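Notes for the one structure printed next.
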Amino acid sequence: MAARVLHARGAATAGGLLQRAAPCSLLPGHRCFSLSCSPSPPRYLKKQWKNILRGLTSSSNRPREDSWLKSLFVRKVDPRKDAHSNLLAKKETSSLYKIQFHNVKPECLDAYNKICQEVLPKIHEDKYYPCTLVGTWNTWYGEQDQAVHLWRYEGGYPALTEVMSKLRQSQEFFEFRKARSNMLLSRKNQLLLEFSFWNEPVPRSGPNIYELRSYQLRPGTMIEWGNYWARAIRFRQDGDEAVGGFFSQIGQLYMVHHLWAYKDLQTREDIRNAAWHKHGWEELVYYTVPLIQEMESRIMIPLKTSPLQ
């Protein structure tokens with residue numbers, strides 16, 4: 001008897017949802033198959049409705065039902081009529097960032113690091129170039145034999161254009177690129193803006209390890225991601241581990257990069273676990289996970305000349 005009551009209640013609930021969701025008017029000449037206005041739906045639709053109702057009222061499918069029902073009420077971001085770069089980026093600065101990923105031949109990694117530590121700081125320290133080397137690392141865990149460089153261009157795209165133009169006239173940089181090309185398997189870069197609610201990346205003393213967490217978001221969800229992380233970042237400030245947060249403008253789009261610093265791997269584990277004991281963190285994770293298509297974590301070791309140590 002109890003099972004019949006449960007079935008009837010489940011059917012009534014699901015039927016109500018389906019009744020409200022079903023269209024009540026179709027193109028001329030087409031028959032409406034809404035449960036609310038069709039006295040005799042086709043047999044194959046009756047079977048589909050029965051299967052749906054049976055799944056919703058089955059106790060074994062209750063977690064799936066809960067997940068499906070919750071998805072109907074997930075908070076949505078209001079439509080915007082502006083580029084997400086204008087809504088999410090820092091207004092007080094016009095800095096543009098470039099992140100470079102170089103996959104190095106394993107036998108050439110030491111030589112690659114050597115020439116990078118000789119040449120890159122010269123560009124960073126020379127006021128002739130309106131750019132700053134934020135950090136330079138080798139990947140420790142993640143893709144092996146990889147170098148990651150992060151640059152900041154004060155003044156945005158004009159500064160980037162100026163630096164690239166001046167470097168093409170530098171014989172030393174020409175020789176550096178020629179030697180470097182023989183050491184690489186592949187390379188890629190992205191142009192980034194920084195989220196307004198993240199810390200500005202500034203030099204820090206070490207020793208530290210760095211984690212670069214990269215998220216490929218579903219297209220159209222960048223504003224929603226920013227809304228949630230503007231609140232989530234406050235849960236991750238206690239240990240001064242938040243270094244910088246960026247989103248892509250050119251290159252692989254809808255990419256987000258979060259850069260964190262930790263004393264060691266155990267400290268990283270402790271800090272991340274502590275966040276789950278803070279009220280509100282689990283809700284923000286719940287709503288941001290569905291926005292992600294792919295994610296990757298790199299643990300990186302800074303080179304000796306990196307401003308981020």
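Numbers here are sequence positions counted from 1. Source: prediction; values computed, not measured.
- For the pair Glu241 (side chain) and Gly239 (backbone), a donor-acceptor distance under 3.5 Å is present.
- Here the side chain of Ser306 pairs no donor or acceptor atom with the backbone of Gly135 at under 3.5 angstrom.
- Side-chain contact check for Glu211 and Ser297: at least one donor-acceptor pair (N or O, by modelled atom type) lies under 3.5 Å.
- Residues Tyr153 and Thr132 form no side-chain contact, since every pair of their non-hydrogen atoms from C-beta on lies 4.5 Å or further apart.
- At a cut-off of 3.5 Å, with distance as the only test, no side-chain donor of Gln100 or Asn189 sits close to an acceptor on the other residue.
- Taking the centre and axis of the six-membered ring of Trp260, the NZ or CZ atom of Arg236 falls inside the cone set by 45° and 6.0 Å.
- Asp145 and Asn103 share no donor-acceptor pair across their side chains, judged by distance under 3.5 Å alone.
- With hydrogens and angles disregarded, a donor-acceptor distance shorter than 3.5 Å links the side chain of Gln309 to the backbone of Leu303.
- Classification of Glu194 and Arg152 as a salt-bridged pair fails, no side-chain N sitting under 4.0 Å from a carboxylate O.
- Here the side chain of Asp126 pairs no donor or acceptor atom with the backbone of Tyr129 at under 3.5 angstrom.
- In this pair, Phe101 and His257 present their aromatic rings tilted. The plane angle is within the 30 to 60° band.
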key: Residues His258, Tyr215; criterion ring-ring contact (aromatic ring centres under 6.0 Å, His included); working and verdict   = CA-CA 8 Å; His258 292 175; Tyr215 303 89; 5.4 Å; yes
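- Each of Gln117, Glu118, His124 was evaluated against Thr305; a single residue qualifies, Gln117, per the side chain to side chain contact (heavy atoms under 4.5 Å, CB included) test.
- In this structure, Trp151 has its ring center no closer than 6.0 Å to that of Tyr97.
- A distance-only check finds no donor-acceptor pair linking the side chain of Lys98 to the backbone of Leu150 [under 3.5 Å].
- No hydrogens or angles considered: nothing links the side chains of Asp270 and Thr267 as a donor-acceptor pair under 3.5 Å.
- At least one donor-acceptor pair under 3.5 Å links the side chain of Gln144 to the backbone N or O of Gly142.
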